[in-house]
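Notes follow the structure.
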Amino acid sequence: MTPTFSHQEHEDQIYKRWEESGAFNPDTQKNADQLKAPYTILLPPPNANASLHAGHAMFVIEDILIRYHRMLGQPTLWLPGTDHAGFETQYVYEKHLSKQGKSRFQFDRETLYKDIYAFVEENSGTIFDQLKKLGFSCDWSRATFMLDEKVVSTVYATFAQMVKDGLIYRDNYIVNYSPKSGTTFSELEVTYVERQDPLYYIKYGPFTIATVRPETKFRDVALAANPEDPRYKDYIGKTITFDGLLGPVEMQVLADPEVDMEFGTGIMKVTPAHDAHDFALGRKYHLPVTPIIDFQGKMDFSWYLSDTAKKDSLYLERAQKYHGKKVAEARKLIVEDMTAAGMILKVDDKYVHNVATDYKTGSDIEPMVMPNWFVATKKLAAPAIAAAKNGDVTFVPDRFESTFYQWLENIRDWPISRQIVWGIRIPIWYSVNDNPNLSVTFLDKEKQRVTGVISELTKTYSLTDIRSGLQALRAPVDAQFKLSSESPGEEYLPETDTFDTWFSSGQWPLTTLGYPNSDDFQKFYPTQVLDTMWDILFFWVARMIMFGLYRAGKVPFSTVYLHSMVTDEKGAKMSKSKGNVINPIELVDKYGADALRMSLVAGSSPGNPIALSESKVRGYRNFSNKLWNIARFIILAKQETKANQKLQSEDEEFLKELETLIQGTTGNIEKYRFSDAALGLYDFVWNRLASDYLEKTKTREDKEVVFSTLHQAFSQCLLMLHPFIPFVTESIWTEWQKEGLAPDEMLITSPWPTG
RNA sequence: GGACUCGUAGCUCAGUUGGUUAGAGCGCAUCAUUCACAUUGAUGAGGUCAGAGGUUCGACUCCUCUCGGGUCCACCA
């Protein structure tokens with residue numbers, strides 16, 4: 001044995017031996033007692049084309065649990081997989097395209113999908129190799145990709161069931177639309193940023209209204225004031241007339257108690273098409289929805305320009321000037337014109353408000369009305385709340401239980417359609433005969449983009465050409481549709497929207513285990529622990545609980561463990577822009593996987609951040625070396641053991657402490673106190689066993705007693721340390737096997753000490 | 001605006017239902033030895049446990065308030 005432990009020399013071959021031994025697979029795991037309850041964890045699927053970051057390394061918690069339960073002799077399954085990460089991946093691919101001077105709009109959706117698939121395939125696989133470097137004992141034979149056939153078929157079956165149960169509906173709804181990304185975002189994916197914008201006080205006949213968005217004024221459909229407001233009482237229910245930039249305007253004044261008398265001037269305009277609050281108000285009072293911004297984020301005045309008959313040339317000129325301009329640009333022009341016309345009474349330059357932005361690109365979100373597929377969530381949420389209340393699912397740390405309720409009790413319906421190609425297509429088809437007003441965008445034979453209404457387009461193009469060049473289809477909210485994974489016939493065009501990523505990943509426990517009839521599902525569902533970071537508690541964990549209960553009638557896991565967020569050494573969140581990202585693989589190469597694993601576990605507690613630093617990793621590398629040298633010392637001190645050895649009191653006391661350690665470590669793992677377990681072992685081995693007992697007994701005459709005590713104690717420590725630092729412990733075990741100091745069974749499948 | 005969380009040694013953090021002189025790692029200082037390990041060993045310095053008040057025989061631990069970080073949710077045109 002070398003004087004220092006060289007992780008490079010051992011880690012890869014140890015991993016190979018574990019894998020070849022069949023230990024990772026519950027069907028071939030040698031020590032599995034099939035009569036015992038299986039133990040299962042699903043690895044939260046990283047993006048297929050991702051590479052490892054420090055957050056993934058935190059899944060070491062799962063490896064500890066898996067290895068511990070494997071050593072208890074349970075059939076143990078840690079099922080890995082990868083996510084297609086719809087939006088994320090398409091975004092990466094688009095950047096890749098733009099480097100080649102191309103854009104996604106040059107491809108029909110089917111070709112684009114195939115290209116992205118190939119791209120992902122080429123860039124996938126590295127994440128698994130990296131997880132292996134960390135020593136993760138996943139059953140790779142069961143690895144699942146989010147777009148695998150078995151996943152898609154289960155997702156389709158769930159969707160069909162939900163349609164049948166009336167949980168799916170189509171609606172025109174105000175959504176968070178990002179013109180830049182060209183898709184809708186859920187409430188969770190929108191980031192609000194504080195910003196200072198001018199607040200304009202605009203003259204509206206007898207009133208003054210305050211707004212940061214003067215460009216939408218042309219499509220206001222009403223005014224609203226608080227019924228208690230004495231300033232406007234007399235106007236309520238009346239229609240007022242005044243001159244706007246595009247001619248005379250007539251508008252009704254509504255009374256609504258939600259209007260804040262304190263804000264601005266106490267009277268507001270109502271623009272249902274471009275504001276969530278106004279949309280709700282519009283619904284309440286049955287106001288028309290009148291858009292003025294299109295899906296490219298440009299001003300659309302065609303509603304005004306289409307009828308030029310009775311309009312003043314000045315008005316027409318203005319409308320033409322604004323038409324087709326980007327929102328920000330149009331706002332500038334409109335403010336100029338309003339100022340010139342004396343309509344702007346005051347501008348508050350210091351107005352600070354929160355603006356919704358696209359969490360990915362940072363550009364502004366436009367609230368827009370569009371047809372969407374929705375999941376009615378109330379009925380799904382109720383059983384999930386009940387499951388947590390009656391303890392079917394518990395949270396570590398438990399304070400997350402209340403945030404879980406808070407979210408589920410206020411859950412909103414979930415828009416599940418995404419206007420992107422990369423994902424699982426919603427299995428819906430529209431008959432062009434039944435739906436003459438389908439709006440369609442496709443590439444013709446010359447690869448030119450054509451957009452129009454299907455009843456018109458079919459006069460010029462064949463349906464086959466439209467179908468094969470299809471990019472996007474927008475069906476009216478009341479369109480007739482057919483649910484089917486395959487095309488139901490010649491006259492059908494497919495829905496082009498895909499499911500929100502979380503719609504499929506929310507079914508991960510069902511899809512990976514083969515709901516409803518596979519052996520795996522019968523055996524491993526429900527799983528035991530779901531370990532992830534708290535940031536996706538709602539996105540993902542809550543959805544899995546809802547889907548699990550909905551389809552299988554049981555929560556998919558009994559414990560939700562919310563592991564630490566890995567930060568840099570100063571406690572700051574790692575991010576590329578800050579330049580403080582620590583690459584875990586570099587640390588593994590330098591100090592070994594064990595050292596990194598210990599660093600992430602020791603001193604971390606669930607739900608709280610954990611600071612990672614190189615010096616900490618170095619310290620735990622030294623611990624690996626310490627173990628290695630204790631093992632060497634014991635080999636050198638090897639003695640024939642005699643029967644009826646007489647222990648001295650220091651031996652007995654030492655072994656008693658070992659006993660306490662075993663109980664403590666076991667208890668700590670069972671209670672998810674991994675840091676305590678790891679630090680307890682660290683302290684015992686280094687301080688009690690090596691610095692204290694080993695040093696004190698060097699001069700003892702009864703060497704065989706000392707040897708056997710040390711040998712026994714250190715063996716037990718190796719067993720208990722194995723889930724935390726598997727490589728060095730297994731390496732030592734192998735050396736000891738050569739010396740006849742360890743049994744033949746590999747450490748990974750050796751029995752956990754019972755004390 | 002609402003909720004959660006943290007504030008303990010220079011740094012990063014433990015401190016399990018309140019109980020004797022508050023702990024670890026790293027860093028620092030001094031010394032030792034090449035002994036299985038210099039990726040070592042020994043010794044040591046360093047904390048009014050953010051502040052104030054309260055409950056208690058007793059508070060780092062429980063309660064209230066204040067100050068200061070962090071996170072999440074909601075969001076007023």
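Throughout, protein chains are lettered first and strands after them, A, B, ... in sequence-line order, and every chain is numbered starting at 1.
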Worksheet item: Taking the six-membered ring for Trp, are A:Tyr620 and A:Phe623 parallel (under 30°), tilted (30 to 60°) or perpendicular (over 60°)?
Response: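 Ring orientation of A:Tyr620 relative to A:Phe623: perpendicular.
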Worksheet item: Parallel, tilted or perpendicular: which fits the ring planes of A:Tyr173 and A:Phe279, with parallel below 30° and perpendicular above 60°?
Response: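 Plane angle over 60°, so perpendicular.
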When rounded to the nearest Å, what value does the distance between [atom1] atoms of [N] and [M] take?
{"N": "B:A74", "M": "B:G15", "atom1": "C1'", "value": "36 Å"}
{"N": "B:G47", "M": "B:G54", "atom1": "P", "value": "27 Å"}
{"N": "B:C49", "M": "B:G41", "atom1": "C1'", "value": "31 Å"}
{"N": "B:U64", "M": "B:U48", "atom1": "P", "value": "26 Å"}
{"N": "B:G23", "M": "B:U8", "atom1": "C1'", "value": "10 Å"}
{"N": "B:U21", "M": "B:C65", "atom1": "C1'", "value": "32 Å"}
{"N": "B:G51", "M": "B:A59", "atom1": "P", "value": "15 Å"}
{"N": "B:G25", "M": "B:G68", "atom1": "P", "value": "35 Å"}

Have a look at [X] and say if it touches a base, only the backbone sugar-phosphate, or nothing, with a 4.0 Å heavy-atom cut-off.
{"X": "A:Ile209", "result": "nothing"}
{"X": "A:Ser615", "result": "sugar-phosphate"}
{"X": "A:Tyr201", "result": "nothing"}
{"X": "A:Arg621", "result": "base"}

Worksheet entry | Residue list, side chain to side chain contact (heavy atoms under 4.5 Å, CB included) with A:Ser6, at least two apart or on another chain |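 Side chain to side chain contact (heavy atoms under 4.5 Å, CB included) check on A:Ser6 returns A:Gln8, A:Glu9.
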Would you tell me if any nitrogen or oxygen in the side chain of [X] comes within less than 4.0 Å of OP1 or OP2 on [N]?
{"X": "A:Trp534", "N": "B:C4", "answer": "no"}
{"X": "A:Lys696", "N": "B:G41", "answer": "no"}
{"X": "A:Tyr351", "N": "B:A77", "answer": "yes"}

Worksheet entry | Partner set under side-chain hydrogen bond (donor to acceptor under 3.5 Å, both in side chains) for A:Lys696, not counting sequence neighbours |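 With sequence neighbours excluded, A:Lys696 shows a side-chain hydrogen bond (donor to acceptor under 3.5 Å, both in side chains) to A:Asp692, given in chain and number order.
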Worksheet item: What residues, two or more places apart in sequence or in another chain, satisfy side-chain hydrogen bond (donor to acceptor under 3.5 Å, both in side chains) together with A:Arg219?
Response: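 side-chain hydrogen bond (donor to acceptor under 3.5 Å, both in side chains) check on A:Arg219 returns nothing, list empty.
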Nucleotide [N], atom [atom2] - distance to [atom1] of [X] in whole Å:
{"X": "A:Phe633", "N": "B:A36", "atom1": "CZ", "atom2": "C1'", "result": "7 Å"}
{"X": "A:Arg618", "N": "B:U40", "atom1": "CZ", "atom2": "P", "result": "11 Å"}
{"X": "A:Phe538", "N": "B:C4", "atom1": "CZ", "atom2": "C1'", "result": "11 Å"}
{"X": "A:Ile630", "N": "B:U39", "atom1": "CD1", "atom2": "P", "result": "17 Å"}
{"X": "A:Ile634", "N": "B:C37", "atom1": "CD1", "atom2": "P", "result": "14 Å"}
{"X": "A:Tyr620", "N": "B:U39", "atom1": "OH", "atom2": "C1'", "result": "15 Å"}
{"X": "A:Asn622", "N": "B:A24", "atom1": "CG", "atom2": "P", "result": "18 Å"}
{"X": "A:Leu627", "N": "B:U40", "atom1": "CG", "atom2": "C1'", "result": "14 Å"}

Distance-only donor-acceptor hits, side chain of residues 530-538 of chain A, under 3.5 Å, sequence neighbours excluded:
| from | atom 1 | to | atom 2 | distance (Å) |
| --- | --- | --- | --- | --- |
| A:Asp531 | OD1 | A:His563 | ND1 | 2.8 |
| A:Asp531 | OD2 | A:His563 | ND1 | 3.2 |

Item to complete: Take A:Gln406 and A:Asp275, find for each the nucleotide of RNA chain B with the closest heavy atom, and name the residue whose nucleotide sits nearer the 5' end.
Response: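 Final value for this comparison: A:Gln406.
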Practice prompt. By nearest nucleotide on RNA chain B, pick out whichever of A:Arg213 and A:Thr4 is the more 5' one.
Written response: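 Its nucleotide being nearer the 5' end, the pick is A:Thr4.
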Worksheet item: Can you tell me if NZ on A:Lys332 sees more than 12 non-hydrogen neighbours from other groups inside 6.0 Å?
Response: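 No - once you tally the heavy atoms of other residues, nucleotides and ligands closer than 6.0 Å, there are 12 at most.
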Worksheet item: Do other residues, nucleotides or ligands put more than 12 heavy atoms under 6.0 Å from A:Lys346 NZ?
Response: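 It does not: A:Lys346 NZ has 12 such atoms or fewer within range.
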Practice prompt. May I ask you to decide if A:Thr734's main-chain N or O and A:Lys738's side chain share a donor-acceptor pair within less than 3.5 Å?
Written response: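 Looks like no, no N/O pair under 3.5 Å.
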Item to complete: Go ahead and write out RNA chain B as dot-bracket, 5' to 3': ( ) for pairs within the strand, [ ] for ones crossing earlier pairs, | when the partner sits on another strand, dots for unpaired; Watson-Crick or G-U wobble, both distances under 3.5 Å.
Response: (((((((..((((.....[...)))).((((((....).))))).....(((((..]....))))))))))))....
Discussion item. Looking at A:Phe207, I'd like to know if the NZ or CZ of A:Lys269 sits under 6.0 Å from its six-membered ring centre while staying within 45 degrees of the ring's axis.
Written reply: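 Judged by the rule, A:Lys269 and A:Phe207 form no cation-pi pair.
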Fill in: Where protein sits on nucleotides 11-20 of chain B, one letter per nucleotide: B base, S sugar-phosphate only, - none, heavy atoms under 4.0 Å
-SSSSB----
Discussion item. Would you say the ring centers of A:Phe674 and A:Tyr561 fall short of 6.0 Å from each other?
Written reply: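 Judged by ring-centre distance (under 6.0 Å), A:Phe674 and A:Tyr561 do meet the cut-off.
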